[in-house]
Amino acid sequence: GQTAALGEGWVLPSPERERETLVSVIIGTGIGGGIIAEGRLLRGRNRLAGASGWFALTTDPSGSLERAQGIGHWESLAAGPGIARRARALLNDYPGSTLARIGETLSARDIFEAARAGDRCAQRIVEETADLIGLGVSSIVSLLNPDRIVLGGSIGSQGAVLLPRVREVAARWAQPASGAAVHIDSSRLGGDAGLLGAAYAAFSRLTQNV
């Protein structure tokens, strides 16, 4: 997540790179991220800053949700495996859904493809996923007052179907001034963000040692 944030920050024009706060949120099989503040990567005490998948969205803090406690609550709901799990739980309510024919191998990719094809069960899951992503993003916005949030990963990159609702929910729940100022977009770098970030880190270390 942190290397992806470095990559996203590196491609900004120089003036923006030096003064903006950018948060990268990677949503795929898990949720992670990184924070660039005024051109510098925020690492944290244990180099774990940006682990947003651990956000606790639950209203039952004493509950025994072992999976959520083991991988992070936001991640357990909005990352790929959680999306598929929520879809399987809904299939009895949608007996005509094309997702029912896929069985236990059902994946988030199947769900997004079915949603684009008009499957109502899949569309409901995608809408709920956008809501969950929007809630998590709103907390980031309220806490950091960033200039940009960039969503990456196989889920975060589904901008065409997710972004309008993510933006709407984030604006509704974030601190109002921060919510009005932030730009929320899908990554233009895709899977290359982490590679570019690693290259940037290596380049920075090299130039600092010269």
Output for pair (Q158 CD, I111 CD1), nearest 0.5 Å, gives 11.0 Å
Which is it for H183 and I149 under the side-chain contact (heavy atoms from CB on, under 4.5 Å) test, yes or no, and what are the steps along the way?
-> CA-CA 6 Å; H183 297 277; I149 292 183; over 6 Å; no
Short side-chain donor-acceptor distance under 3.5 Å, R86 and T129 = yes
_Are I27 and W173 connected into the same hydrophobic cluster when the rule is that any two of I, L, V, M, F, W, Y join if their side-chain heavy atoms are below 4.5 Å apart?_
no
salt_bridge(D185, R148) N-O dist < 4.0 Å = no
The reported gap from CG in D110 to CD1 in I125 (rounded to nearest 0.5 angstrom) is 13.0 Å
inquiry  = Check this for me: R116, atom CZ, are more than 12 non-hydrogen atoms of other residues, nucleotides or ligands nearer than 6.0 Å?
reply    = yes
Stepwise side-chain contact (heavy atoms from CB on, under 4.5 Å) check, V141 with Q175: CA-CA 7 Å; V141 172; Q175 195 283 334; over 6 Å; no
Here the gap from L151 atom CG to S157 atom OG, rounded to the nearest 0.5 Å, amounts to 8.0 Å
**Prompt:** Do L135 and I83 belong together in a cluster built from hydrophobic side chains that touch within less than 4.5 Å?
**Reply:** no
Taken to the nearest 0.5 Å, the spacing of D119 CG from Y94 OH works out to 9.0 Å
CH2 of W54 to OG of S76, rounded to nearest 0.5 Å, is 10.0 Å
CG (L163) and OG (S186) are apart, to the nearest 0.5 Å, by 4.0 Å
*Answer with yes or no whether the hydrophobic clustering places V169 together with L132; edges join I, L, V, M, F, W, Y residues whose side-chain heavy atoms lie under 4.5 Å apart.*
no
Exactly one candidate in L42, D147, V150, L41 meets side-chain contact (heavy atoms from CB on, under 4.5 Å) with I36; the answer is L41
* Asked: Are N145 and T21 side-chain neighbours, meaning at least one heavy-atom pair lies under 4.5 Å?
  -> no
### Message
Using a 3.5 Å distance criterion without hydrogens, assess whether the side chain of E75 forms a donor-acceptor pair with backbone atoms of I31.
### Response
yes
When every non-hydrogen atom of P164 is compared with those of G159, the smallest separation belongs to CD-O, 3.8 Å
Any V25 side-chain heavy atom under 4.5 Å of S52 side chain
yes
Could you tell me whether the side chain of E20 and the main chain of L22 form a donor-acceptor pair under 3.5 Å?
no
For F55 and G136 the tightest heavy-atom approach is CE2-O, 3.4 Å
| task | Find out whether F112 and I155 are in side-chain contact, i.e. whether some heavy atom of one side chain is under 4.5 Å from a heavy atom of the other. | result | yes
| field | Salt bridge present between E127 and R120 (N-O < 4.0 angstrom) | value | yes
